[in-house]
Amino acid sequence: MAAAEGKKHKPMGKNYFQTVIFDMDGTLTDSVPLITQGVQEVISHYHLSEQTPQQLKRFVGPPLRIGFKKYLDLPDSSLDEAVEVYRRFYRPRMTQVPLFPGIKELLEQLHGKGMKIAVASSKLEELVREIARGTGMSPYLDYTAGTQEKTGTSAEDPRDIANPLTRRGKEGVIRYALEQLGMESSLGRAVMVGDREDDYQAAKNIGIEVIGVSWGAGSREEFPGAPWVTSVAELKNTLLAKK
């Protein structure tokens, strides 16, 4: 895990949170190495210039097409093929990624206290559910949500990104997970836990609390004004804190 960054924040909320929405990559699963290897497969396929490890981390979080277009400068006509190249490498290996140390125990403890727990990821929903099963998280999750790739929707259209029915981005996925948990009317006791700016921004747009974790692909600067935890133990204390 990364070294401690920034100031530690006081616990939030009235009693402990009722609902916790977790990002997956870089928050629950130590999948950054596999994701960046998949991106390198795409770079090799198109004979593009190599990127540094820090540059490759930019692909962790946003939808694949957005990352390939923004950071590899691929044209729209190549994006479907690029995604296929990536997934050919990624899918056979995705359930082999480990959980970060202490994460399984954290999920078990939160579940045991009756908290509602969901995963909301920018991955395709079918992949998110397969990874949740393969890594042993499923017994502790009340819902598992991911994106969709429906014809006529776009990961670049803010309306599709935020819409829980279309779910082309993180905000729509979180809204959908909250709806499935029956929590859309109790946002004051819900919190998003993630490692990238899209987690932070989506939570802010929805109006729920957000906590950033230091062990993923992001940085403290991506969570301005939000709690930033540097260990799973600190995350547990923050989630279970009483005012």
Side-chain angles (χ1 to χ4, degrees), residues 1-4 8 11-13 15-38 57 60-61 90-147 170 173-174 177-178 180-181 183 189-196 198-199 203 208-218 223 227-242:
M1 293 185 185
K8 294 183 179 180
M12 306 173 301
N15 302 317
Y16 55 80
F17 289 105
Q18 183 177 350
T19 302
V20 187
I21 310 293
F22 285 99
D23 169 55
M24 178 175 275
D25 294 313
T27 300
L28 299 177
T29 59
D30 188 5
S31 53
V32 173
L34 180 60
I35 292 171
T36 56
Q37 288 169 27
K57 285 185 177 181
V60 182
Y90 177 81
R91 289 192 73 152
R93 301 167 175 83
M94 65 184 187
T95 58
Q96 300 169 22
V97 297
L99 298 177
F100 284 105
I103 286 295
K104 187 173 182 180
E105 291 78 11
L106 171 65
L107 295 176
E108 185 176 9
Q109 288 172 351
L110 298 179
H111 179 76
K113 289 184 176 293
M115 299 175 72
K116 293 186 177 181
I117 307 169
V119 166
S121 171
S122 293
K123 292 184 182 302
L124 276 179
E125 193 159 272
E126 63 188 82
L127 304 187
V128 180
R129 292 180 174 176
E130 191 172 340
I131 293 168
R133 289 192 297 269
T135 56
M137 289 189 286
S138 289
Y140 312 111
L141 303 177
D142 294 288
Y143 203 78
T144 308
T147 56
K170 182 59 72 72
V173 175
I174 298 172
L178 289 167
Q180 299 308 304
L181 295 175
M183 295 303 299
R189 298 193 66 191
V191 61
M192 175 73 199
V193 180
D195 69 320
R196 295 306 312 270
D198 62 332
D199 301 312
I208 62 175
E209 297 279 5
V210 60
I211 299 170
V213 303
S214 69
W215 51 85
F223 288 78
W228 178 254
V229 298
T230 58
S231 70
V232 174
E234 186 182 359
L235 175 59
K236 182 186 79 170
N237 291 339
T238 304
L239 291 174
L240 297 179
K242 295 185 179 182

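Heads up: numbering here begins at 1 and tracks the sequence.
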Shortest non-hydrogen contact between [X] and [Y], atoms and distance:
X	Y	answer
Asp198	Gly61	OD2-O, 3.3 Å
Gly26	Val32	CA-CG2, 4.4 Å
Met24	Ser121	CB-CB, 4.2 Å
Phe22	Leu239	CZ-CD1, 4.2 Å
Pro227	Val210	CD-O, 3.4 Å
Val128	Gly146	CG2-CA, 4.1 Å

Ignoring hydrogens and angles, write down the donor-acceptor pairs under 3.5 Å from the side chains of residues 92-102, residues two or more places apart or on other chains.
{"unit_1": "Arg93", "atom_1": "NH1", "unit_2": "Phe89", "atom_2": "O", "d": "2.5"}
{"unit_1": "Gln96", "atom_1": "NE2", "unit_2": "Pro92", "atom_2": "O", "d": "3.4"}

*Please list all pairs passing the ring-ring contact (aromatic ring centres under 6.0 Å, His included) test where one or both residues lie in residues 118-143, with sequence neighbours left out.*
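Output for this query lists Tyr143-Tyr176.
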*Output every pair passing side chain to side chain donor-acceptor pair (under 3.5 Å) with a member in residues 102-112, not counting sequence neighbours, ordered by first then second residue.*
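As it turns out, there is no side chain to side chain donor-acceptor pair (under 3.5 Å) pair with a partner in residues 102-112 once direct neighbours are skipped.
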Pairwise distance [atom1]([X]) to [atom2]([Y]) - rounded to 0.5 angstrom:
X	Y	atom1	atom2	result
Ile131	Arg91	CD1	CZ	9.5 Å
Met115	Gln18	CE	CD	8.5 Å
Leu178	Lys116	CG	NZ	10.0 Å
Leu235	Ile103	CG	CD1	6.5 Å
Ile208	Thr19	CD1	OG1	9.0 Å
Lys170	Thr147	NZ	OG1	10.0 Å

Would a distance-only check, ignoring hydrogens and angles, find a side-chain to backbone donor-acceptor pair under 3.5 Å from [X] to [Y]?
X	Y	answer
Ser138	Arg133	yes
Ser231	Glu234	yes
Asp195	Thr27	no
Asp142	Ala118	no

*Only counting residues at least two apart or in another chain, list the ones meeting side chain to side chain donor-acceptor pair (under 3.5 Å) with Lys123.*
Asp25, Tyr90
_Less than 4.5 Å apart, side chain to side chain, heavy atoms only: is that true for Phe17 and Leu110?_
no
_Set of salt bridge (Lys or Arg N to Asp or Glu O under 4.0 Å) partners for Glu130, sequence neighbours left out_ =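 With sequence neighbours excluded, Glu130 shows a salt bridge (Lys or Arg N to Asp or Glu O under 4.0 Å) to no residue whatsoever.
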*Residues that Phe223 engages under ring pair (Phe, Tyr, Trp, His ring centres under 6.0 Å), provided they are two or more places apart*: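 Applying ring pair (Phe, Tyr, Trp, His ring centres under 6.0 Å) to Phe223 gives Tyr200, Trp228.
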*Which one of Ile21, Ile211, Asp23 satisfies the side chain to side chain contact (heavy atoms under 4.5 Å, CB included) criterion with Asp199?*
Asp23
